[in-house]
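Okay, so here's the structure we're looking at.
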Amino acid sequence: MSQSTKIENATALVLAGGRSVRMGEDKRFIKVGGRTLFDRVLDSLEPLFEEVIISVAVESDWLPVRGHRVVPDALPNCATLGGVYSGLSASDRDWVFAVACDMPFVNPSVIRTLADARNDADFVIARVKSRLQPMHAFYRKTCLPVLGKMAQNGDLRLQGLVSSSALHGLVLTDAEVIHGSEEELSFLNVNTPADFDLARRLLKPA
C-alpha cells in the first residue's frame with residue numbers, strides 16, 4: 001500500500017468517551033507539545049482515512065470534531081467495548097481502526113502494517129510487550145454479534161474477542177509491528193499524570 005493513499009474499506013474510530021478518572025481531568029483537552037491529545041490523534045488519522053468517526057459516551061456540542069461524525073454509545077455503560085460496537089454499527093465500511101483519544105504518538109506506519117494484515121481476518125490486534133492493544137486495532141463488522149453478546153454477559157474487556165471461537169482474529173507480535181522507537185510509541189496511552197509527564201518530555205523541543 002502506498003504511503004500516500006488512503007486505507008481502503010476502513011473508517012477511523014476515535015474512542016473519546018472516557019471519564020479520565022486516573023488523570024483527574026478531561027484527557028481530551030490536555031495539551032502535549034502545544035496540541036491537545038484529541039487534536040494530535042485526529043492529525044494522525046485524517047491523512048489515512050476517508051472517514052473519521054468520534055465515539056462518545058454522551059453526545060455534546062463542545063468537542064472540536066472538525067466536522068467529523070459523532071456517534072454516542074449505542075450500548076450505555078459498556079466502556080470501550082460499547083464505543084467499538086457503536087462505531088462499527090455506524091460505519092459505512094466493513095472495517096474500523098479503533099484508537100483511544102489519549103495516544104499522542106499514533107504512527108501511520110504502524111496503522112498501515114495492521115491494515116495490510118487484515119485479509120480475511122475478523123480483527124487485527126498487536127501484542128506489545130506481552131500486552132494486547134485492543135484500543136489501537138482493526139475490527140470488522142463480523143465482530144458485532146460477538147461484541148453484543150459480550151455486552152449482554154457483562155464481559156466488557158475487548159481482549160475477550162481473542163478467545164472467541166466464533167471469530168478468526170490475527171494477533172501480531174512486537175517484531176511484526178515495531179521497527180523502531182517511533183513505532184513503539186504509537187501504543188503509548190496517557191492514562192496517568194506520570195504518562196503525561198513522559199509524553200511532555202518526549203515532545204519537548206530540543
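These numbers were taken from a predicted model, which means no experiment stands behind them.
Annotation: side chain to side chain contact (heavy atoms under 4.5 Å, CB included) contacts of A100 (sequence neighbours excluded): D102, M103, M135, N189. Applying the side chain to side chain contact (heavy atoms under 4.5 Å, CB included) test to A151 and every residue at least two apart in sequence or in another chain returns L75, C78, L81. Under the rule for a side-chain hydrogen bond (donor to acceptor under 3.5 Å, both in side chains), S44 has no partner lying at least two apart in sequence or in another chain. Partners of R127 by salt bridge (charged side-chain N to carboxylate O under 4.0 Å, His left out), not counting sequence neighbours: none found. Under the side chain to side chain contact (heavy atoms under 4.5 Å, CB included) criterion, R131 pairs with Q133, sequence neighbours left out. For R66, the side chain to side chain contact (heavy atoms under 4.5 Å, CB included) partners two or more places apart in sequence, or in a different chain, are R35, D39, L42, D43, E46, H68. Partners of F138 according to the ring-ring contact (aromatic ring centres under 6.0 Å, His included) rule, which considers only residues two or more places apart in sequence or in another chain, are F97. In this structure, the ring-ring contact (aromatic ring centres under 6.0 Å, His included) partners of F187, at least two apart in sequence or on a different chain, are H136.
A 4.5 Å side-chain heavy-atom check between C101 and L37 finds every atom pair outside the cut-off. Between F123 and C143 there is a side-chain heavy-atom pair separated by less than 4.5 Å. The shortest distance between side-chain heavy atoms of V190 and P104 falls below 4.5 Å.
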List, one per line, each side-chain donor-acceptor pair under 3.5 Å for residues 50-58, sequence neighbours excluded.
residue : atom : partner : partner atom : Å
E51     : OE1  : T11     : OG1          : 2.6
E51     : OE1  : R93     : NH1          : 3.1
E51     : OE2  : R69     : NH2          : 2.6

Which pairs would a plain distance check flag for residues 153-170, meaning a side-chain donor or acceptor within less than 3.5 Å of a matching protein atom at least two apart in sequence or in another chain?
residue : atom : partner : partner atom : Å
N153    : ND2  : K149    : O            : 3.3
S163    : OG   : G160    : O            : 3.1
S164    : OG   : A166    : N            : 3.2

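Between A90 and V71, the closest heavy-atom pair is CB-CG2, 3.7 Å. Scanning both residues, L147 and Y85, for their nearest heavy atoms gives CB-CD1, 3.9 Å. Of all non-hydrogen atoms in F105 and L188, the two that sit nearest each other are CE1-CD2, 3.6 Å. Across every non-hydrogen atom of A12 and L45, the tightest pair is CB-CD1, 4.0 Å.
At least one donor-acceptor pair under 3.5 Å links the side chain of R118 to the backbone N or O of A115. N107 places a side-chain N or O within donor-acceptor distance of the main-chain N or O of V110, the cut-off being under 3.5 Å. Checking side-chain atoms of S86 against main-chain N and O of G82 turns up a donor-acceptor pair under 3.5 Å. Within the 3.5 Å criterion, the main-chain N or O of P134 finds a donor-acceptor partner in the side chain of Y139. A distance-only check finds a donor-acceptor pair linking the side chain of R40 to the backbone of G33 [under 3.5 Å].
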*Checking side-chain contact (heavy atoms from CB on, under 4.5 Å) for the pair V41/V99: CA distance, chi angles, key distance, verdict?*
CA-CA 8 Å; V41 171; V99 62; 4.0 Å; yes
*Verify side chain to side chain donor-acceptor pair (under 3.5 Å) between T192 and D195, making sure each step is shown before the conclusion.*
CA-CA 5 Å; T192 66; D195 296 332; 3.2 Å; yes
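Legend: salt bridge (Lys or Arg N to Asp or Glu O under 4.0 Å) pairs involving residues 137-147, not counting sequence neighbours, sorted by first then second residue: D94-R140. For residues 170-179, every residue pair satisfying the side chain to side chain donor-acceptor pair (under 3.5 Å) rule, not counting sequence neighbours, is listed here: T173-E176.
For the atom pair CD1 (I178) and CD (E184), the distance works out to 5.0 Å, reported to the nearest 0.5 Å. The CG atom of L13 sits 10.0 Å away from the CZ atom of F49 when rounded to the nearest 0.5 Å. For the atom pair L114 CG and R112 CZ, the distance stands at 12.0 Å (nearest 0.5 Å).
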